[in-house]
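All residue numbers refer to positions in the sequence shown, counting from 1. Just follow the structure's listing: the first ligand is 1, and inside any ligand the first atom is 1.
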Amino acid sequence: MEIIAVHGGLDTSRDRQFMEVLEEAAQQGYKLLATDRVQAMEAVIRVLEDSPKFNCGYGSILNLDGEVEMDAAIVDGVTNRFAAIAAIRLVNNPISVARRLMEKTEQVIVAGDGAVKFARQQGFPEANCVSEEQLDAWQKAKESLARGETPTQNLFTGLEYHADTVGCVVWDGKGLGAASSTGGFSLKMPGRVGDTPCLGGGIFASPTSATVCTGVGEAFIETLTAKYVDEQIVSGLHPQQAVEFALRRLADLKGTEGGILTMDAEGRIGSAFNAGRFPVVFLVNGKVQKDFKPVNLKPELTLN
Ligand code: ASP
C-alpha cells in the first residue's frame, strides 16, 4: 500500500483551483514513492513551491522588510535522517536544497546567507520569489502600520485568494516520511525562523508516525507538538485521536490556531484544525479519497 497526504496550510480555500494543485502534487509524489520515499516527498513539495498560489517558493508571504525568506525540511522515519533550510532567500525550491543537504552533508540545518551560499554551490540558480500580488499586499500592510492601524491582511496567506504553508506525509509500505515548506507568516522579523525546520516542533517522522504542522510556528516549537503527536501514537492512540489531543493541548497552552496532519505505520491518517480552513488531499495507491476531510475543532476550542 502506498499513501500520500498533502495539506495546503491554514486558511487555504478548498476551491478547485487549490485542491487541483494539491492533487497534482500528490500524484507527482506517487509516481516516485515505490522507488524513493525522499525523492517522492521532494516532488510533492516542489509542485506546491512552483505554484504561485501557495505560501512557499515563488508567491511566499513577505517579511517586515518586504523580502521572502523561506523554511523547508524533510525527514525520513526509516533512516532517521533530517535536513532543513531556514530563512533562505532567492531560490525556487527550498525543499530541494534541504534534500541536497541531507544527501551531500552530515549537517542538518543551514540558515540565511549560509543556506543561500550552499544552494549556489550546489547549482541552484538565483530566483525571484516575490510575486506582484504579495508585494502589493505588503505595501498596503506597511501603510496600515504607518497609520498606526493593524494590517487586515491574512496572517498566513497574505492574500484572500491565496494559500499557506504546505506539508506532506507519506507511507511507501516500508516506512514513513514528512516534508514541509513555507514563507512563514506576514510581516515576520527578518531572519525569523518558524517551526517548519524545527524537528519535533512543526515536523517529525519515526518508525511509528510522520507529522507536519501549520499555524503560528512559535507555538508549535514551544510545545514540541509534532513530537507530542508521535508520543501519543506510540502510546497506542489512533492518529486521529492523537492530532485532536495535540490541538487541544496547543489551544490550552498557547491559545493559538493550528492544523496538524499525521500518518502511522498502518497507513492510518489523522488530521484536524482549529482555524478557518485546512485543505488536505489523501491519496491511496494513486487514488484521491474524495470524501476525505480533516476534522474542524474550531467550534469547541476557545482561543486568545
Ligand atoms: N508554521 C509556519 C511558520 O510559523 C506558518 C504557517 O504554517 O502558516 O513559519
Side-chain angles (χ1 to χ4, degrees), residues 6-13 18 22 45 48-49 51 53-57 59-64 67-75 84-89 94-95 98 109 111-112 115 129 134 137 141 151 153-160 162-169 178-204 211-229 243 246-247 250-251 254-262 271-280 294 303:
V6 191
H7 78 75
L10 279 195
D11 292 344
T12 298
S13 158
F18 297 105
L22 290 170
I45 301 296
L48 303 167
E49 288 178 338
S51 163
K53 288 188 169 62
F54 291 82
N55 176 17
C56 56
S60 285
I61 212 156
L62 307 193
N63 69 13
L64 210 47
E67 280 192 317
V68 162
E69 287 185 327
M70 302 162 287
D71 301 333
I74 195 157
V75 52
I85 296 296
I88 195 170
R89 287 170 290 111
I95 197 68
I109 308 179
C129 299
Q134 289 289 6
Q153 97 180 127
N154 183 289
L155 184 66
F156 302 113
T157 63
L159 297 163
E160 204 182 333
H162 203 74
D164 186 25
T165 297
V166 301
C168 70
V169 290
S180 184
S181 185
T182 186
F185 58 63
S186 155
L187 303 177
K188 65 183 184 179
M189 194 191 292
R192 177 263 185 191
V193 173
D195 58 323
T196 297
C198 291
L199 191 65
I203 187 165
F204 195 72
T211 298
V212 280
C213 306
T214 174
V216 178
E218 286 70 6
F220 284 90
I221 295 168
E222 289 184 329
T223 56
L224 282 179
T225 289
K227 179 73 168 78
Y228 177 82
V229 171
V243 294
L247 265 186
L250 186 79
K254 294 288 167 188
T256 188
E257 297 180 329
I260 309 177
L261 173 62
T262 195
S271 66
F273 64 111
N274 59 351
R277 294 167 301 216
F278 179 55
V280 172
L303 305 176

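At a 3.5 angstrom cut-off on N or O pairs, T196 does not count as close to ligand 1. For the pair G217 and ligand 1, the shortest N or O to N or O distance falls below 3.5 Å. Annotation: E218 places no N or O atom under 3.5 Å from an N or O atom of ligand 1; distance criterion only.
Close to ligand 1: G215, with a non-hydrogen atom less than 4.0 angstrom away. Residue contacts with ligand 1 include D195, since one of its heavy atoms falls under 4.0 Å from the ligand. Heavy atoms of R192 come nearer than 4.0 angstrom to ligand 1 in at least one pair.
Contact annotation: the side chain of I61 never approaches that of T157 to less than 4.5 Å [non-hydrogen atoms, C-beta and beyond].
Classification of E218 and K188 as a salt-bridged pair fails, no side-chain N sitting under 4.0 Å from a carboxylate O.
Residues G8 and A163 approach most closely at O-CB, 4.1 Å, considering heavy atoms.
Contact annotation: for T214 versus ligand 1, heavy atoms closer than 4.0 Å belong to both the backbone and the side chain.
The atoms of ligand 1 that sit less than 4.0 Å from any heavy atom of T165 are 2 (C), 5 (C), 6 (C), 7 (O), 8 (O).
A perpendicular orientation is assigned to the rings of F18 and F54, their planes being inclined by more than 60° (bins at 30° and 60°).
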